[in-house]
Chemist: 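Let me begin by handing over the structure; questions about it come next.
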Amino acid sequence: VYLRGSGMYSTTIQASTAVGILQHSASFIAQAEISDLTLDGNNEATSGLISFGSRIGRLTVRRCRFINFPGTIIQAGYAANYIIEDCVAEGGGLAVATFFLATNTPFESLILRRNRLAYMFQGIAIGSAGFAAAYVEITDNDIDGGWYLLSADYSGSGSSVTYTATGLTD
């Protein structure tokens, strides 16, 4: 299965409801490749890519841009091998999305290369108790949490601040 656009900034698939944009759950697929497009979560989609139920032999994502996702962008699920390269994920300064999440089932291999992740809640989350993978490569990624753009929980100033001997409330 191949889904190829005409460029990261030329082809856009936009969510219109609060579900995953591209989901697989029917039967085994030997290989799935998504490339050269933008997936726009429209601040509604729960995920960009999800593999549920049955297995995908290899999921390859190349030169894709992910924007406006309030949840997990790539939810690993049940693929055996992942290659995610040269992608851009932008959290819009909200720090609510996770780029890649693989804590459900073990996989055979994961390659994350040359991706740029900005303003995510979590960039890459892999593993859990008893989790093992034969090969994991995470190289040349630019991960900017954007913490400096988020509003502080407490500013420590202003007319609403109350100081006590052990702390302050704002």
Side-chain angles (χ1 to χ4, degrees), residues 1-27 29 31-105 107 110-128 136 138-153:
V1 176
Y2 295 92
L3 177 59
R4 179 172 291 148
S6 59
M8 184 186 297
Y9 294 95
S10 299
T11 303
T12 300
I13 298 173
Q14 186 177 54
S16 60
T17 60
V19 297
I21 293 179
L22 300 173
Q23 297 185 143
H24 167 68
S25 62
S27 59
I29 295 176
Q31 181 167 328
E33 182 172 330
I34 297 135
S35 61
D36 300 306
L37 52 83
T38 292
L39 291 180
D40 182 349
N42 202 21
N43 293 316
E44 290 189 49
T46 54
S47 290
L49 306 172
I50 306 173
S51 60
F52 286 137
S54 297
R55 305 227 339 143
I56 298 173
R58 171 168 298 184
L59 174 61
T60 303
V61 181
R62 289 192 173 109
R63 298 174 306 278
C64 289
R65 183 172 73 128
F66 302 92
I67 57 174
N68 303 318
F69 280 94
T72 304
I73 294 172
I74 300 173
Q75 192 168 357
Y78 293 91
N81 301 286
Y82 297 90
I83 298 173
I84 302 167
E85 302 177 308
D86 305 310
C87 293
V88 174
E90 300 167 350
L94 301 175
V96 294
T98 298
F99 178 64
F100 182 83
L101 177 68
T103 57
N104 190 16
T105 60
F107 50 81
L110 167 64
I111 298 171
L112 282 154
R113 287 189 281 234
R114 299 178 307 273
N115 299 292
R116 186 170 52 90
L117 315 178
Y119 321 125
M120 300 279 116
F121 173 66
Q122 298 180 102
I124 302 163
I126 58 174
S128 61
V136 175
I138 301 173
T139 56
D140 294 330
N141 295 287
D142 180 7
I143 302 172
D144 181 354
W147 57 267
Y148 49 87
L149 294 176
L150 303 175
S151 61
D153 286 339

Chemist: What distance separates Thr60 OG1 from Asn81 CG, expressed to the nearest 0.5 Å?
Modeler: 8.5 Å

Chemist: Identify which one of Asn115, Asp40, Val61 satisfies the side-chain contact (heavy atoms from CB on, under 4.5 Å) criterion when paired with Phe66.
Modeler: Val61

Chemist: Is a side-chain N or O of Asn42 found less than 3.5 angstrom from the main chain of Ser16, in a donor-acceptor match?
Modeler: no

Chemist: Taking all atoms of both residues into account, what is the closest heavy-atom pair of Gly123 and Leu117, and its distance?
Modeler: CA-CD1, 4.0 Å

Chemist: Determine, for Asp86 against Arg63, whether the closest basic-nitrogen to carboxylate-oxygen distance falls under 4.0 angstrom.
Modeler: no

Chemist: Could you tell me the separation between the CG atom of Leu3 and the CD1 atom of Ile13, rounded to the nearest 0.5 Å?
Modeler: 5.0 Å

Chemist: Between Cys64 and Ser35, which heavy-atom pair has the shortest distance, and what is it?
Modeler: SG-CA, 3.7 Å

Chemist: Can you measure from CZ (Phe100) to CD (Gln75) and round to the nearest 0.5 angstrom?
Modeler: 10.5 Å

Chemist: Which value, rounded to the nearest 0.5 Å, describes the distance between Thr38 atom OG1 and Asn68 atom CG?
Modeler: 10.5 Å

Chemist: Atom CZ of residue position Arg116 - does it have more than 12 heavy atoms of other residues, nucleotides or ligands inside 6.0 Å?
Modeler: no

Chemist: If we check side-chain contact (heavy atoms from CB on, under 4.5 Å) with Arg62, which of these qualifies: Ile83, Ile34, Asp36?
Modeler: Ile83

Chemist: Do Leu112 and Phe99 have side-chain heavy atoms sitting under 4.5 Å apart?
Modeler: yes

Chemist: Say you draw a straight line from CD1 of Ile126 to CG of Leu110; how long is it, rounded to the nearest 0.5 Å?
Modeler: 5.5 Å

Chemist: State, with a plain yes or no, whether a side-chain heavy atom of Leu39 is found less than 4.5 Å away from one of Phe69.
Modeler: yes

Chemist: Quick one: CE on Met120 to OG1 on Thr72, what's the gap to the nearest 0.5 Å?
Modeler: 10.5 Å

Chemist: Regarding Gln122 and Thr98, is there a side-chain donor-to-acceptor distance under 3.5 Å anywhere?
Modeler: yes

Chemist: Shortest non-hydrogen contact from Gly41 to Ala15?
Modeler: O-CB, 3.6 Å

Chemist: How close do Ile67 and Glu90 get, counting heavy atoms only, and between which atoms?
Modeler: CG2-OE1, 3.5 Å

